[in-house]
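Comments concern the structure below.
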2 protein chains.
Amino acid sequence: MNDVAAAAGVALKTVSRVVNNEPGVNAATALRVHAAIDRLGYRRNDSARTLRRGRTASIGLVIEDAADVFYSSLSRAVEETALHHGCLLFTGSSQEDAARERDLVLAFCARRVDGLIIVPAGTDHTYLAPEFEAGTRAVFADRPPGAGCEADVVLSDNVGGARAGTAHLIAHGHRRVAFLGDLPRIFTAAERLRGYREALAAAGLPYDEDLVAMGPAEPARLRADLTRLLGASDPPTALLTGNGRTTVETLRALASITGSAPGPVTTGAFPDRAPPGLGGLALVGFDDFELADLLGVTVVAQDPARLGRTAADLLFLRLAGDDGPVTRFELPTRLIPRGSGERPPPPRRDRG
Amino acid sequence: MNDVAAAAGVALKTVSRVVNNEPGVNAATALRVHAAIDRLGYRRNDSARTLRRGRTASIGLVIEDAADVFYSSLSRAVEETALHHGCLLFTGSSQEDAARERDLVLAFCARRVDGLIIVPAGTDHTYLAPEFEAGTRAVFADRPPGAGCEADVVLSDNVGGARAGTAHLIAHGHRRVAFLGDLPRIFTAAERLRGYREALAAAGLPYDEDLVAMGPAEPARLRADLTRLLGASDPPTALLTGNGRTTVETLRALASITGSAPGPVTTGAFPDRAPPGLGGLALVGFDDFELADLLGVTVVAQDPARLGRTAADLLFLRLAGDDGPVTRFELPTRLIPRGSGERPPPPRRDRG
DNA sequence: CTGAAAGCGCTAACAG
DNA sequence: CTGTTAGCGCTTTCAG
C-alpha cells in the first residue's frame with residue numbers, strides 16, 4: 001500500500017480510501033491510485049485489515065465428518081449463509097473425538113473467528129468460557145453443548161422422529177420392534193432411543209433390552225447384532241435403525257445374512273410382498289439417504305441443510321448484536337413411507 | 001500480551017517467548033508468566049502472529065459443491081493433510097460458476113492463504129497470475145487449469161476409465177452403447193466422452209451421435225434423453241453414465257420409465273436375469289456410489305480421497321520450497337463388476 | 001537469560 | 001478532499 005501511495009504520489013490513507021471505495025476522494029486522484037494499483041499488481045491484505053478492524057469476517061465450523069452426507073449438507077448450508085454475510089468459512093472434522101473438537105475450536109478461536117458453529121463430539125465445553133468472555137459467539141448444531149455451557153442450539157426432533165418411526169411400525173401390526181442405534185454416549189442416539197421407548201410405552205408394549213443394540217455403525221458390529229437379534233427365540237419383525245450410516249450398513253448386513261440384496265418397491269407405492277433381502281422384516285430408518293426411494297426404504301427424514309442454515313442464521317443474528325436469551329430450536333422430522341415400513345409382520349407361528 | 005507482561009512483571013517479549021515455548025527463559029519466570037496467562041485468560045492472537053510472520057498457516061480449497069459426496073470426500077482428505085501440517089482450511093463451493101470460483105479464490109488470496117487447491121469451474125485462470133507472482137501456490141484437482149496457467153494438477157484417468165467401461169460393455173456383446181455425460185464444457189465430461197469414443201473405435205464400432213447425450217445431471221433432462229434413446233428405431237442395449245449423480249438419476253429415471261425400480265443382484269455374483277428396472281439394459285456408471293454394491297451396479301471407480309490427498313501433499317511439497325517443474329498426476333480408475341455391466345444384450349430381433 | 005525498539009499491512013481518529 | 005499519527009497484537013532484531 002505504501003508502494004502504491006508512493007507510485008501514485010499520494011498518502012497511504014488515500015490509497016486506503018480508494019481501495020475501500022470510501023467517499024471523499026477526487027475522481028482524478030482515484031484514477032491515479034487505481035492506475036498505480038494495476039501497475040503494481042497490488043491486492044489488499046485482508047489479514048492485516050481484519051486485525052486492525054477487530055472482526056475477521058470469518059467463522060469456524062466443526063462437524064463430525066466432512067465426508068458424511070449428513071454433515072456435508074449441513075456444511076454446505078452454513079457456507080452459503082456465511083458467504084452471503086461476507087464471511088469466509090474455516091471447516092474441520094472432529095471425527096467424534098472430543099479432544100480434536102476442542103483443538104479445532106481453539107485453533108479457530110486463536111484466529112479470532114467471529115463465531116463458531118459446532119457439532120459437538122465432547123460433553124464438556126467449559127473450555128469455551130474464556131472465548132465467550134472474549135466475545136466469540138457460538139451456536140451448537142445437531143447436538144447441544146455440555147452442561148454448564150450456555151449457547152444457542154439447533155436440533156432435530158430426535159425423540160419425536162424416533163417415536164413416529166416406531167409408532168408407524170407398531171401401527172402396521174408389529175409388536176417386536178428392534179432398535180439399532182449409534183453409540184449411546186452420542187446425544188442423538190440417546191434421544192432416539194428415548195423416542196423408541198416412548199412409542200413402545202404409548203402402545204402398551206414392553207421394553208425389551210434384547211431388542212436394542214447400540215454401537216458404532218460398522219459392518220462387523222451390525223452383522224453380529226443382527227445375527228443375534230434374528231436368531232433369538234422371539235425375534236423382531238421390524239427394525240428401527242438409528243441413523244443413515246446404520247441404515248445403509250444394516251441393509252448390507254441383511255443382504256449378506258439373508259443371501260440377497262434388499263429389493264425395490266415394485267410399481268405400486270407399497271408392495272405387499274416382502275422386499276427380498278429384508279428377510280420379511282419391516283424397516284424404518286432414521287435419516288433419508290440417496291436411493292432410499294428406489295430401494296423402497298421408509299425413513300424418518302431430517303433436514304441437515306435446514307439445520308445448518310438455521311444455525312448460521314442464528315449465529316449471524318448474534319453477531320449483529322442480538323443479545324436475547326439463549327434459544328433452542330428443534331426442527332421437525334418427516335416420516336416418508338416407501339414400503340419397507342408398511343409391511344405387516346408375518347403371520348404368528350404357534351410356539352412349542 | 002501487554003497485560004500479561006504487566007501482570008507478570010516482565011517484558012512483552014518474555015511473554016512471547018513463553019507462549020511460543022522458545023528456549024532461554026528462566027523456569028521461574030516462565031511459571032510467573034503462565035500464572036498471569038491463566039489468571040487473565042489470555043490466548044494468543046494467531047491472526048496477528050501470522051501477519052507478522054508472513055505465513056498464515058492456512059490454505060484455501062475451492063470445490064464444486066461441498067454437499068456432493070465426490071467433493072466432500074476430496075475435501076475431507078485435504079482437510080486431514082492440512083491439519084497434519086498445522087494448517088487451517090478455508091472451504092468454498094463454486095457451484096460450477098467460474099465467477100464464483102474466481103471470487104472465492106481471490107477472497108482466499110486476500111486473506112493471504114499460503115496455498116490453494118482448486119477444482120476449477122472456469123477455463124480462464126489468468127486472474128491467478130498476480131497471486132502466483134506474490135508467491136501463492138496452487139494445485140488444481142480433478143480438472144486442469146485453463147490455458148496459460150502453469151500449475152500442478154492431479155486428475156483421474158478419465159479417458160482410460162471411460163474407455164475401460166465402454167470396452168467392458170462391448171466385451172459383453174454390446175454394439176449399441178449409449179453415453180450419458182455431463183455438460184461437455186466440463187473437462188471430465190469431455191475426457192470421458194473421448195474415452196468412450198476411443199473404445200468404440202478400438203472395437204471397430206461406429207460413433208453414433210444419436211447415442212450420446214450430454215447435459216446437466218438433472219432428472220428432467222435425463223428422463224427426456226433416456227426416453228428419446230430408448231424409443232429410437234435402433235436403441236442402445238447398454239449405457240455408460242458419465243458421473244455419480246448421472247448414474248443415480250439415470251437409475252431413477254429408468255425406474256420411472258420402465259415402471260419399477262432397478263433390482264438387486266441376487267445371491268450369486270452376477271445374475272443372468274435382467275435387473276428389473278433397467279429394462280434389459282446393461283449399465284456401467286462412472287464413479288462409485290453408496291449402495292451401488294447392493295444394487296449390483298457395475299462402476300468405474302475414482303478415488304476422490306486420494307485425489308484430495310495427492311493434491312494436498314503436492315501443495316505442501318511446494319510450500320516447503322519444492323521448485324521442480326510443474327507436474328501432472330493422473331490417478332488410475334478401477335472397474336468394479338457387479339452385475340449391471342455384465343449383462344449381454346437381448347437376442348437380436350430381426351428388423352423389418 | 002531478558003528487554004527495548006521497530007514494523008508486518010492496514011484502518012481509526014483527527015487534523016489540515 | 002487529503003494527509004498525519006497512532007496502534008491492532010504479535011515477532012524480529014539487536015542490545016543489554
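None of the values given here were measured: they were computed from a predicted structure. By convention in this document, chain letters (A, B, ...) are assigned in the order of the sequence lines, proteins followed by strands, and residues within each chain are numbered from 1.
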How is [X] classified with respect to the nucleic acid when contacts are heavy atoms under 4.0 Å: base, sugar-phosphate, or nothing?
X	answer
A/Thr50	nothing
A/Val19	nothing
B/Asn20	sugar-phosphate

Could you tell me how far apart [X] ([atom1]) and [N] ([atom2]) are, to the nearest whole angstrom?
X	N	atom1	atom2	result
A/Leu12	C/dG9	CG	P	11 Å
B/Leu31	C/dC1	CG	P	15 Å
A/Asp46	C/dC10	CG	P	9 Å
B/Ile37	D/dG9	CD1	P	16 Å
A/Lys13	D/dC1	NZ	C1'	13 Å
B/Asn45	C/dG9	CG	C1'	14 Å
A/Arg112	D/dC10	CZ	C1'	11 Å
B/Asp3	D/dC8	CG	C1'	14 Å

Indicate, yes or no, whether a donor-acceptor pair under 3.5 Å links the base of [N] to the side chain of [X].
X	N	value
B/Arg53	D/dT12	no
A/Arg49	C/dG9	no
B/Arg17	C/dG3	yes
A/Arg52	D/dG7	yes
B/Arg43	D/dG9	no

Handout entry: A/Arg143/A/Glu96 ion pair, N-O < 4.0 Å
Key = yes
Handout entry: Carboxylate-amine/guanidinium proximity below 4.0 Å for B/Glu64 and B/Arg245
Key = no
Handout entry: Audit row: A/Asn20, A/Arg44, side chain to side chain contact (heavy atoms under 4.5 Å, CB included) steps and yes/no
Key = CA-CA 9 Å; A/Asn20 294 301; A/Arg44 180 177 67 194; 2.3 Å; yes
Selected nucleotide, minimal atom distance to [X] side chain, candidates [options]:
X	options	result
A/Tyr42	C/dC10, C/dT2, D/dT11	C/dC10
B/Ala11	D/dG9, C/dG3, D/dG3	C/dG3
B/Thr29	D/dT11, C/dT2, D/dT2	C/dT2
B/Arg44	C/dC10, D/dT2, D/dC10	D/dC10
B/Ala48	D/dT11, C/dC10, D/dG9	D/dG9

Practice task
Determine: side-chain N/O of A/Thr14 to OP1/OP2 of D/dT2, distance under 4.0 Å, yes or no.
Solution key: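 No.
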Problem - Residue-phosphate contact under 4.0 Å: B/Ser47 side-chain N/O, D/dC8 OP1/OP2 - result: no
Handout entry: Polar contact flag, side-chain donor to acceptor under 3.5 angstrom, B/Glu101-B/His125
Key =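 The criterion, which ignores hydrogens and geometry beyond distance, is satisfied for B/His125 and B/Glu101.
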Handout entry: Residue among B/Leu317, B/Thr310, B/Ile117, B/Leu314 satisfying side chain to side chain contact (heavy atoms under 4.5 Å, CB included) with B/Asp152
Key =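 Output: one option passes, namely B/Leu314.
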Practice task
Between B/Leu51 and A/Glu22, just flag the one whose closest nucleotide in DNA chain C comes earlier from the 5' side.
Solution key: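 Whichever sits nearer the 5' end wins; that is B/Leu51.
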Problem - Side chain B/Ser72, main chain B/Asp68, donor-acceptor under 3.5 Å - result: yes
